[in-house]
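Following: one structure in structure tokens, then a few remarks.
Positions are given from 1 along the sequence.
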Amino acid sequence: MSDTTATTEPVTLHHELESIWRTPPGLGRLSAVNHTIVGRRFIIAAFTFFAIGGVLAMLIRAQLATPNSAFVGPDVYNQIFTMHGTVMMFLFAIPLFEGLSIYFLPKMLGARDLAFPRLSAFGFYCYIFGGSILIVAMIAGYAPDSGWFMYTPLSSGRFSPGINADVWLLGVTFVEISAVAAAVEFTVSILKFRAPGMSLARMPLFAWYILVTSGMMLVGFPPLILGSILLELERAFDLPFFDPTRGGDPLLWQHLFWLFGHPEVYIIFLPAAGVISTILPVLVGRDILGYAWIVVAIVAMGFLSFGLWVHHMFTVGIPHLAQAFFSAASVLVAIPTAVQIFLWIGTLMAGRPRMSVPMLYLLGFFFVFVCGGLTGVMLAIVPFDWQAHDTHFVVAHLHYVLVGGFVFPMLAAAYYWLPHFTGRQPLYGVGKVAFWLIFVGFNTTFLIMHLTGLLGMPRRYYTYAPEFGWTGLNLISSVGGFVMTMGFALFAVDMFAQARFGRRAARNPWNAGSLEWATATPPPSYGFASLPEVSSRSPLRDRPELGSELAAGGGYLAGTRNDWQETLVVEMATGKPQHIAILPQPTFLPLATAAAIGVFVLSLLFKVYLLSLAVVPAVLVMFLLWTRATGAEIDRGPLPVGHGLDLPIHAEVPHPASWWAMLFLLVANATLFGSLAFGALFLWLVAPGWPPPALVELPLLKAAGLATALVVASAAGHLGLAPLAKRDRPSELGLLLAALGHAVAAGLAIWICVADIPAPTSHAYLAVTAALIGYVALHAGIGLVLALFTLYRNRAGYVSSRRSGDLRTACLWHDYTALTGLAAVALVYLLPVLVKFRDAQP
């Protein structure tokens, strides 16, 4: 069809949708952006990295099985335990829940895809390339060896002169691009890309968990990204952010790392808790108890998790008042966790549990995770933490929380959702054997570690003497580790065998009420032939025939037009339909863009900085090429979507999904800027080696010019929008002024860095000042590109009174750059005053 959507014959409808949504075969599969394909790839890759991490864990246990072992030396052992933690935290846990969310969220929400399919594919390639850098470096013998937490000064250039630490800093930061992209993707998709009628109060609990987790990622990942950038700048260009002899402080790294690291625990746990809240009610045949209380508990955990980072720093010499505050906060977070656990137990008791393999793993979760939570409360008490810190007791606690709180629920999810992925029903005989091997082996391994920790065995040591009395316990722990590994291997064999040879499964074999079971199993590329209207939290339970109705074209968008990939966008709170989103077709651009960034990262790793500079324009061009498939050159007006409803396309609304994506991306960006400001003030307050040898006397004329240029750029962006309502065209003068303002601001910021900040390598104060002004220069440069882009889009006919989304999205960046630029200039002026104030203290 051209510009109308009408109900067609079901067979014809499915053929038309498949021709539009399908991914090309052969090498064309590298162009896939469909959430079903990308989600599967994430999951498979995550389990592959899990296997690598498991092998590394067994090497650790083999080394520690006996005293004075010569299995591996200290250098190799350092690489092994560093890579084990890095792989499990960054390459397995986060990507696995990303893959599960990418695959299931659109289906649970009643949409055909996520808001930005190309962003998901781009994130996948960043994840694969970044992870591959780490694994290849390990095989080549250049793996990071400073611990997965990379504490300075051990990871600084003086003590780690090779590229080992650079591999971690650059590889993990590359992977974190994927995590931030996923956070933006999930936040916009959950809030806007839902079935009509699906209000926030009717949203699946899994979506609530992922929404809060995504918000935590937007706020939690930037501090680590900033810390990685600062440490790499120190290693590459000798900027002394963490060098105490030149005004830096190693504790700044710990603060930045744990501002990410402790929320990371809950970022990992919450998606697994979402899995439990989704499948437990189905397995017991009863609605979840306390839906609203669970939502409140999720949000509370999200907020409280950011007040706990010093929980990991009780032994570094922080004031007693701070220790008391963070100890209390660490205990307090147990309350929302307990609310969820008691509601799950209540649901379990109120229903009739089916003792299937997924239920076994859920019961294993309850036992293991609760034990881990109890030891976590113990470690939150400062005197006990002083005794157990850096011992195997902490290792045991961490694994009880993360394996119990994440791996067990995910294994339950694997068996529960296997019919959805493959269309085949698992056979549970082998699965039960695998469960008991994993459960018994895990507890044998890590319960014993509590004892060795209490007996004083430190973690991260590659060997120990027999007279310490740890020999028998370590041998038992290592045997348990190998038993657990046998269980995981059996699980992998079982998954493969059932995916290939299992019985054909009926649609919705569990009689679940959530929408993902309303699709065919395995699902087609378009998910739903037509989109449902939702009137309850369990639409499929209330209307068991819903899947057949949607397949027959009984919902919204039951037809095709213009070869568009269409889905609906709704009002955030109520779920009322607002407009049609036209999603992009398969493209190689995500792969090419990630590859270009990969070249940039490798050039930094091998210190070929001229190549790095040359690649930056190529990356920018790649991203600009993404925009060719967005927007519209004519006004179409409202189009029919079915059931008598007409809606505009996304290009004709003031706040399309791209506007919301920019808003949430700027939240992450603001966190990064706030972390930089925190770092500057932290060094001023507590770092040794102050006062600095010189203070930056920022010329008033340059500072005023920089501030004025930023304000002009922001105001000019809005000036460009102003005439749209009256004459259907923006003000080109406003767009030009915005570009000019950013150009002047970027030029002045670079001039200040070069001419007015003496020797940034001589002191951390000067390095931080350069970083603040450099931040302004970078953002003004990006603002210049966006201003020129909006000018081009206007000239090319993509802008009208209805089609103003590009301009409004750019205005967000202009405003943000002005606000943070003014804050940065103010802080640069404030720091010399604070330095003098610190000098005046007795």
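No side-chain donor-acceptor contact under 3.5 Å links S330 to the backbone of A380. At distances below 3.5 Å, not a single donor-acceptor pair connects side-chain atoms of T213 with backbone N or O atoms of L270. In this structure a side-chain-to-backbone donor-acceptor pair under 3.5 Å is missing from T82 to Q79. A donor-acceptor contact shorter than 3.5 Å links the side chain of E234 to the backbone of F242. Checked by atom type and distance alone, the side chain of Y829 pairs as donor or acceptor with a backbone atom of L698 at under 3.5 Å.
Looking at heavy atoms from C-beta onward, L402 lies in side-chain contact with M89 at the 4.5 angstrom threshold. Between R235 and S160 there is a side-chain heavy-atom pair separated by less than 4.5 Å. You'll find the side chain of R246 stays beyond 4.5 Å of the side chain of S762, heavy atoms only. Using a 4.5 Å cut-off on side-chain heavy atoms (C-beta onward), P240 and H763 make no contact. Proximity of L602 to L170: side-chain heavy atoms (C-beta onward) are nowhere separated by under 4.5 Å. F257 is not listed as a side-chain neighbour of E264, based on a closest heavy-atom distance of 4.5 Å or more. For the pair D385 and M378, the minimum side-chain heavy-atom distance is 4.5 Å or more. Proximity of I229 to L233: side-chain heavy atoms (C-beta onward) are separated by under 4.5 Å at one or more points.
For the atom pair CG (L64) and OG1 (T452), the distance works out to 9.5 Å, reported to the nearest 0.5 Å. Put simply, OG1 on T761 and CG on L766 are 9.0 Å apart, with the number rounded to the nearest 0.5 Å. Once rounded to the nearest 0.5 Å, the distance linking OG of S675 with CG of L226 reads 6.0 Å. The distance from the OH atom of Y142 to the CD1 atom of I133 is 16.0 Å, given to the nearest 0.5 Å. Here the straight-line distance linking atom OG1 of T769 with atom CD1 of I757 works out to 6.0 Å at 0.5 Å rounding. With values rounded to the nearest 0.5 angstrom, S327 atom OG is found 11.0 Å from L332 atom CG.
Every salt bridge (charged side-chain N to carboxylate O under 4.0 Å, His left out) that R460 has, sequence neighbours left out, goes to D390. By the side chain to side chain contact (heavy atoms under 4.5 Å, CB included) test, H399 pairs with H84, V395, V403, F442, F446, sequence neighbours left out. Residues that satisfy the side chain to side chain contact (heavy atoms under 4.5 Å, CB included) test with V619, not counting sequence neighbours, are A596, I597, V615, F623.
Side-chain contact of Y816 with N669: a donor-acceptor pair under 3.5 Å is present, judged by distance alone. With hydrogens and angles left out, the side-chain atoms of H779 and T817 include no donor and acceptor closer than 3.5 Å. T86 and W168 form a side-chain donor-acceptor contact under 3.5 Å, judged by distance and modelled atom types alone. Counting only N and O atoms by type, the side chains of S603 and S612 include a donor and acceptor under 3.5 Å apart. If you check the side chains of T463 and Q63, you find no donor sitting under 3.5 Å from an acceptor.
Aromatic pair F326/F314: centroids not less than 6.0 angstrom apart. Ring pair W258/H311: centre-to-centre distance not below 6.0 Å. For F90 and F260, the gap between ring centers is short of 6.0 Å. Here F97 and F92 keep their ring centres 6.0 angstrom or further from each other. For F42 and F124, the ring centers sit closer than 6.0 Å to each other. The ring of Y400 has its center closer than 6.0 angstrom to the ring center of H450. Outside the 6.0 Å centre-distance limit, the rings of Y127 and F122 are not counted as a close aromatic pair.
Note on ring orientation: taking the six-membered ring where Trp is involved, the planes of F81 and Y77 are tilted (angle from 30° to 60°). Ring geometry for F837 against W684 counts as tilted: the plane angle lies between 30° and 60°, on a 0 to 90° scale.
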Applying side chain to side chain contact (heavy atoms under 4.5 Å, CB included) to L604 and F600, what does each step give before you reach the verdict? CA-CA 6 Å; L604 292 177; F600 175 76; 3.5 Å; yes
Check step by step if side chain to side chain contact (heavy atoms under 4.5 Å, CB included) holds for L683 and W690. CA-CA 9 Å; L683 293 177; W690 287 59; 3.9 Å; yes
Does the side chain to side chain contact (heavy atoms under 4.5 Å, CB included) test come out yes or no for I177 and F174, once each step is laid out? CA-CA 5 Å; I177 295 175; F174 198 1; 3.9 Å; yes
Assess the residue pair V776 and T820 against the criterion (side chain to side chain contact (heavy atoms under 4.5 Å, CB included)); give the C-alpha distance rounded to whole Å, side-chain angles, the decisive distance to 0.1 Å, and a yes or no. CA-CA 7 Å; V776 178; T820 54; over 6 Å; no
Show, in sequence, the C-alpha distance, side-chain angles and deciding distance for Y609 and F237, and conclude whether the ring pair (Phe, Tyr, Trp, His ring centres under 6.0 Å) test is met. CA-CA 11 Å; Y609 297 122; F237 304 109; 5.1 Å; yes
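Open room surrounds CZ on F606; 12 or fewer heavy atoms of other groups in view lie less than 6.0 Å from it. More than 12 non-hydrogen atoms from other residues, nucleotides or ligands lie less than 6.0 angstrom from CZ of F678.
Between I135 and V87, the closest heavy-atom pair is CD1-CG2, 4.1 Å. Closest approach of V667 to V219, counting heavy atoms only: CG1-CG2, 4.4 Å. Heavy atoms only, all atoms of each residue included: S214 and F186 are closest at OG-CB, 3.2 Å. Listed here is the closest heavy atom pair of L695 and Y765: CA-CE2, 3.8 Å. Across every non-hydrogen atom of W253 and T152, the tightest pair is CB-OG1, 3.5 Å. Nearest heavy atom pair, residue M216 against residue G302, reads SD-CA, 3.6 Å.
A side chain to side chain donor-acceptor pair (under 3.5 Å) with H312 is found for exactly one of H262, H389, Q254, H255, namely H262.
Comment: D238 does not engage R158 in a salt bridge, judged by the lack of any side-chain N to carboxylate O separation of less than 4.0 angstrom.
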